[in-house]
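Inspection log for the structure reproduced underneath, given as structure tokens.
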Amino acid sequence: MQRSAQASADSKSAGEPAAASDPNRQRRRERLLQIGTLVLLLAVWEFAARDANKLLVAVPSDIAIATWELLLNGELLSATLDSMSTFVLGFVIASVIGIVVGFAMGTNRTVEVILDPYINALYAMPLVALIPILMLWVGIGFLAKITIIILFAVFPVIINTVTGVKNVDRHYLDIGKAFMASRFMVYRRIIAPYALPYVASGLRIALGRGIIAMIVAEFLTSISGLGGLIINYTNAFETAKAFAPVLVVALLANALTVLVQKVEERFGRWRRR
Amino acid sequence: MPKLSVRNLTKRFPVSGGPSMTALDGVDLDVEEGEFIAFVGPSGCGKTTLLRIIQGLETATSGEIRIDGKPVTGPGHDRGFVFQQYGLLPWLTAAQNIGFALEAKGIPAARHGETTERVLATVGLKGFGDRFPHQLSGGMQQRVGIARALAIEPEIMLLDEPFGALDALTREILQNEMLGLTERMGKTILFVTHSVDEAVCLADRVVVMSPRPGRIREIVPIDIPRPRASLGEALRDTPEYVAKRHQLWTQLMDLV
Ligand SMILES: Nc1ncnc2c1ncn2[C@@H]1O[C@H](COP(=O)(O)OP(=O)(O)O)[C@@H](O)[C@H]1O
Ligand SMILES: [Mg+2]
């Protein structure tokens with residue numbers, strides 16, 4: 001180990017332009033390229049839209065000012081909290097249901113045979129079509145939003161969990177059998193860790209779909225949260241202000257994806273790097 | 001009464017759209033307590049299948065296995081299995097893999113630490129308990145597998161080509177350790193190998209199997225006195241070793 005580290009350090013100091021081989025420098029240069037492109041893009045947008053109708057198109061500088069205003073008057077924060085509390089609750093419920101149902105289907109053939117057609121059909125269909133009917137049953141309030149988020153998010157979790165559970169390597173199950181592990185131990189120590197990466201990728205898909213569901217629900221049921229801000233400011237032709245919640249949604253979706261990845265990495269430490 | 005007796009054991013695997021495949025055909029074998037039996041034979045002759053049935057991982061089509069006269073109906077803590085490959089759970093550390101077997105046997109968690117340390121030390125892996133399998137070499141992984149089987153203190157150990165995937169040097173080192181280990185403990189051992197050397201070094205009797213269908217062709221006693229571990233490299237120069245090695249070679253050559 002030490003020897004090889006030493007060797008690579010030597011080869012670096014031995015000359016030849018180190019720039020290209022230095023990964024840190026390479027990364028910094030790539031970042032710079034990305035930031036430069038973003039600045040250029042915003043500048044082009046700013047100039048191109050300068051003479052356009054302000055009611056229809058907002059320029060970046062206006063959006064920045066509008067975002068600042070909405071931050072100061074607390075509107076953005078309260079809308080974000082409203083949306084997120086609904087989303088997180090819906091997502092957590094969908095995850096729990098998805099994992100439990102997925103485990104049941106993956107380990108019990110009868111359960112799988114019964115549920116499989118519905119799950120596949122519901123996963124494939126455009127669930128938005130169900131929303132008006134759903135509102136007849138659960139109204140337009142909090143419950144409706146939670147229901148819609150669960151409906152959008154639960155199926156990828158189920159399907160991925162089933163795949164992971166059913167794929168468990170026979171060699172690992174044999175270890176459990178040879179040493180007479182209880183059913184609970186087999187679930188906990190063999191099937192669950194094996195299925196974890198599958199579940200995690202299901203959760204990532206569910207995250208994306210759940211955010212879409214949240215916004216759609218805020219558009220179509222009682223208008224509220226970040227989706228509500230977008231609708232209300234668009235209807236009021238305050239286009240710059242409508243962009244602020246869009247930005248927040250984009251940031252949140254990305255932050256949550258990173259969070260799920262981190263959790264997955266934490267549980268996947270045993271894997272070869 | 002033999003420690004283990006295998007009577008008229010037959011195993012057929014169903015083959016889709018054809019006649020079933022006979023992996024074992026009328027296998028009979030008695031193993032005395034403390035005996036070291038090695039199984040050799042061309043691949044596909046049913047060595048793994050035989051071991052798996054004795055462990056209870058597979059059920060026989062017909063025939064019977066008895067341990068101390070009692071019929072075997074499934075897996076048991078009286079037998080410890082060492083797998084050829086994929087024998088460790090990759091998401092558990094070496095110590096946790098051993099703990100898995102201890103927990104499965106119902107040993108309270110408070111006693112795991114002590115047992116784990118002891119068996120890891122026995123296989124020469126003191127201090128490696130918190131390594132994950134991928135952080136260990138192939139030879140070390142197999143040692144953990146052996147340590148885990150030892151941890152549950154089985155009466156019979158079953159090892160399916162435990163050194164099959166290792167390089168020649170590691171393999172020879174582990175063979176010598178195995179010799180020392182088994183001679184100290186005096187457990188009943190069933191050991192599958194494709195190496196004639198390994199079989200003659202380690203075993204009291206070598207069972208030669210032939211394929212299609214899997215049968216016992218011959219049982220060759222190895223009369224090299226024990227303890228053999230102390231002989232070291234000289235073991236391989238003893239006349240008995242040379243003669244038995246030659247005899248088994250010739251027999252196996254006839255089979256392939
Ligand atoms: N689960 C199984 N299904 C079908 N055939 C099998 C199965 N396991 C083993 N066999 C067949 O049984 C025969 C004996 O296999 P095995 O016991 O693995 O032999 P060995 O360990 O001596 O190489 C082989 O022909 C193999 O293909
Ligand atoms: Mg085999």
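Heavy-atom basis, side chains included; hydrogens, waters and symmetry copies ignored. Sequence lines set the chain letters: A, B, ... in the order given, protein chains first and strands last, and positions in each chain run from 1.
Using a 4.5 Å cut-off between heavy atoms, A:Ile190 touches chain B through backbone and side chain atoms alike. Looking at B:Gln135, there are no atoms closer than 4.5 Å to chain A (heavy atoms on both sides), in backbone or side chain. For B:Leu88, the part lying near chain A is the backbone, with the side chain staying farther off; criterion is any non-hydrogen pair under 4.5 Å. Only the side chain of B:Arg52 comes within less than 4.5 Å of a heavy atom in chain A; its backbone stays farther off. In this structure, the portion of B:Phe83 lying under 4.5 Å from any heavy atom of chain A is its side chain and not its backbone. With a 4.5 angstrom heavy-atom cutoff, B:Leu57 touches chain A via backbone and side-chain atoms both.
Residues satisfying the side-chain hydrogen bond (donor to acceptor under 3.5 Å, both in side chains) criterion with B:Arg131, sequence neighbours excluded, are absent altogether.
For OH of B:Tyr86, the number of neighbouring non-hydrogen atoms (other residues, nucleotides, ligands) closer than 6.0 Å is 12 at most. Within 6.0 Å of CD on A:Glu30 lie more than 12 heavy atoms contributed by other residues, nucleotides or ligands. Shown here is B:Arg7, whose CZ atom has more than 12 heavy atoms of other residues, nucleotides or ligands within 6.0 Å.
Listed by sequence position, A:Asp174, A:Ile175, A:Gly176, A:Lys177, A:Ala178, A:Phe179, A:Met180, A:Ala181 are the residues of residues 174-181 of chain A in contact with chain B, using a 4.5 angstrom heavy-atom cutoff. Listed in order of number, the residues of residues 152-171 of chain A that approach chain B to under 4.5 Å between heavy atoms are A:Arg170, A:His171. Below 4.5 Å, heavy atoms of chain B meet no heavy atom from residues 97-124 of chain A.
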CA sep, side-chain torsions, deciding dist, call: A:Phe267, B:Trp91, side chain to side chain contact (heavy atoms under 4.5 Å, CB included)
CA-CA 9 Å; A:Phe267 283 105; B:Trp91 44 84; over 6 Å; no

